[in-house]
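Report on the structure given below.
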Number of protein chains: 2
Amino acid sequence: MSVTMNDIARAAGASVSTVGRVIHNSGYVSREVRERVEQAIERLGYVPNQSARALKSSRSGIIGSLVLQSANGLYYRINDSIIRAARAAGYELLTMEAQPGQGMEGHLIDSFIGLHVDGLAIISNTSITGEMFAKLRAAAIPVVAVERGYLEMGVDSLVVRDLEGSRDAVQRIVRSGHKRVALVAPRPALDVEKRRYAGYREGLESMGLGVDERLIRLTPGYDTQYGRIAGADLLSLPEPPTAVFCTADTLAAGVLQAAYQKGLRVPEDLSLVGYDDVLSQSLSPALNSVGLFMGSIGPCVMELIEARRADPERPAEARMIDTVYADRGTVAVRSARKETVIRIYDEEELL
Amino acid sequence: MSVTMNDIARAAGASVSTVGRVIHNSGYVSREVRERVEQAIERLGYVPNQSARALKSSRSGIIGSLVLQSANGLYYRINDSIIRAARAAGYELLTMEAQPGQGMEGHLIDSFIGLHVDGLAIISNTSITGEMFAKLRAAAIPVVAVERGYLEMGVDSLVVRDLEGSRDAVQRIVRSGHKRVALVAPRPALDVEKRRYAGYREGLESMGLGVDERLIRLTPGYDTQYGRIAGADLLSLPEPPTAVFCTADTLAAGVLQAAYQKGLRVPEDLSLVGYDDVLSQSLSPALNSVGLFMGSIGPCVMELIEARRADPERPAEARMIDTVYADRGTVAVRSARKETVIRIYDEEELL
DNA sequence: CTCCTGTATGGTAACGTTACCATGTGCTGA
DNA sequence: TCAGCACATGGTAACGTTACCATACAGGAG
């Protein structure tokens, strides 16, 4: 069907061994023969059969990635970062999506094992059992968990400094003069969510402000709609917040909608900060947001995979990923004395 | 290293042939032996080696997809749709990203050939040459182009009814009473862009309105920033448009920012419609947008691949993908008599 | 002259799976 | 009684690549 090393050997008047040596640039090959073989490869359009290679060397050249299927663009960005790093290291990335709550992860893991992937990145909160990890370990497949701590199960992990990112953002808000800083966040179930939630509290406390539980809204999930409801709720309080910190951009977008419906402007009437920086730059106005430092995610994943490959017995390691605060001016400076910011209307606005 | 059919055979006291028959549910196997084999498979955690299968049967079980690396979330959604359909058909999807203008597509195509993918989806405007298509054809790999017509090169294609989608959206705007409907679109280079652009013109003309060239803004690309600039430009015209149709959500987001900066409200002061529906539901307000009917993209891709595989000589076919208009109320109804919509201010807004 | 070493090339057994073919049973019908 | 059949199982040659060993010849050292 397709061109094989045998075809090349025949066309170049050499043996498969010699062709192999040319392809791998190893061993002794005379200049003359090397050229004949290279020409034949070029002329016939030979491409090495990866299946055969994988079978022989039990290295597929493929890194797997398992993500939870969701509307959250963050996972695709993370995946992107890994794609690039994998390719730079000579691998391709094969992504499988787990439908939430379908319990199909076991089959997906089996598929990865069958493909003999050279590494596996597990992104976000897929539900992998200890049994599956054991199977992966038996198959000698290095696993890296991203944004989800499986560290206690002996899995190498990438952990985002979410507590610091969250705390830092809140501190910035408070430093701008805000006293009533609300939180809109998903109900903390996953580690990520807990860390971001804790960061909010630490941020306030570290600035000498108490946490006002009335200003906290925990949503059932990440839908924009939940953000809108929470936002509307907060903004109709007798003493509404002057700033809202959201631990997800999608929620921030919802709060923005709520503000808009109330006729409030960001940042003049309400300061707003999102998280993940996946949507913020496209909103109007473009929002401040805490983003992950994507540049290091892919490379860290590959480093952990290579390290595990080199020494399967090494203790599980966690790499920390920094956050990056994108400042787009949606936190207004409030003077200490005045409770309301002076607002200047455009001519058009007043007709 | 990992468990093979041989291990199962030994454990179950059978031969590899018998194990093979159990796995494939073909040929004669006694109930007793079948059970022994199945138990061994379960107990040892046997997973078929795909590399060996692929080598033997020259079917890898992998569909490739090639996308242009870009911030546009649309491609990921399309990819998602294909992932699901591929999986439903028993394949995995392996995605490679081409960096724009890097000319690395040749290498990527070679990688796909080396992997012996059973099909290849080319998404968006990657630059594939005739030579590459020839190589793919020689390797008997069915190719489907999505959102990019390579039909003239004899490649099966998925074409979105963009002209109709665009025209329909404009007609809806006009029917709501708008006379000055502006366009913000990337300079039409690709077929997609031309179709969407043409749809705008047809939409206006079909409603008996002339095209006012002063209301057309063509941007150098899809950045939100271009939308903002174009929007600011349009809104400062002596006779500004009452509605803006954008052929991309990212551009619409920019126009929204411009409107916001001018103190205009959507839809009360300005009606706004986006395209691709990838961002619209997260904006504030959530915008009307023309989306692709994702449900049919993946299945169509797989159908075309299977059809091509069944008959490599069949003439190239184009499948049409419908658009879906998402109405979120950002097109205001304008009465025929009055040129301006009565605007009601909230109390807060007037202090 | 032999031995060794460097250079150059060819042969071949795996890797795990699958598609055949071969070789058995035991049973039925002529 | 035996051909013919359904049933049941085992053996083995590929698939394309790679790792290793074998072979061969030159030229220089001993």
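Every chain is numbered from 1, with letters handed out A, B, ... down the list of sequences.
Distances shorter than 4.0 Å separate none of the side-chain N or O atoms of R21(A) from OP1 or OP2 on dA8(C). Taking only side-chain nitrogens and oxygens, T18(A) comes nearer than 4.0 Å to OP1 or OP2 of dG10(C). Proximity of S51(B) to the phosphate of dT17(C): no side-chain N or O atom is located under 4.0 Å from OP1 or OP2. Between dC15(C) and S57(A), no contact under 4.0 Å exists linking OP1 or OP2 to a side-chain N or O. Here Y28(A) reaches the OP1 or OP2 of dT7(C): one of its side-chain N or O atoms lies under 4.0 Å away.
Atom P of nucleotide dG16(C) and atom CG of N49(A) are separated by 16 Å, given to the nearest angstrom. Across the protein-nucleic acid pair, R59(A) atom CZ and dA19(D) atom P stand 11 Å apart, rounded to whole Å. Residue R53(A) contributes atom CZ, which lies 21 Å from atom P of dT17(C) at whole-angstrom precision. Summarising the geometry, the separation between CZ on R31(B) and P on dC7(D) is reported as 16 Å, rounded to the nearest angstrom. Note: CG (N6(A)) to P (dC15(D)) measures 9 Å, nearest angstrom. We find that CE of M5(A) is positioned 13 Å from P of dG11(C), with the value rounded to whole Å. In this structure, the CD1 atom of I23(B) is 10 Å from the C1' atom of dT18(C), given to the nearest Å. Rounded to a whole Å, the CG atom of D7(A) is 8 Å from the P atom of dG16(D).
Around CD of Q99(B), the count of heavy atoms belonging to other residues, nucleotides or ligands within 6.0 Å exceeds 12.
Comparing dC15(D), dC15(C), dG10(C) by their nearest atom to the side chain of L55(B) picks out dC15(D). Counting only heavy atoms from C-beta on, S15(B) has its side chain closest to dG10(D) among dG10(D), dG10(C), dT9(C). The side chain of V16(A) sits closest to dT12(C) out of dT12(C), dG16(D), dT9(D). Comparing dT9(D), dT18(C), dT18(D) by their nearest atom to the side chain of V29(B) picks out dT9(D).
R308(A) contributes a side-chain N or O that, together with a main-chain N or O of R314(A), makes up a donor-acceptor pair within less than 3.5 Å. When atom types are taken as modelled, the side chain of T4(A) and the backbone of N6(A) share a donor-acceptor pair closer than 3.5 angstrom. In terms of modelled atom types and a separation under 3.5 Å, the side chain of D118(B) and the main chain of S60(B) share a donor-acceptor contact.
Between the side chains of R77(B) and Y76(A), no donor-acceptor pair of N or O atoms lies under 3.5 Å.
Judged by atom type and distance alone, K56(A) does not reach the base of dT17(D) through any side-chain donor-acceptor pair under 3.5 Å. Taking 3.5 Å as the limit, the base of dG11(D) and the side chain of S17(B) contain a donor-acceptor pair of atoms between them.
Each of T4(B) and E32(A) has a nearest nucleotide on DNA chain C; the 5'-most of these lies closest to E32(A). For the pair G27(B) and Y46(A), nearest-nucleotide mapping onto DNA chain D gives the more 5' position to G27(B).
At a threshold of 4.0 angstrom between heavy atoms, the contacts of A54(A) with the nucleic acid are absent.
Residues R319(B) and S296(B) have side chains not in contact (no heavy-atom distance under 4.5 Å, counting atoms from C-beta outward).
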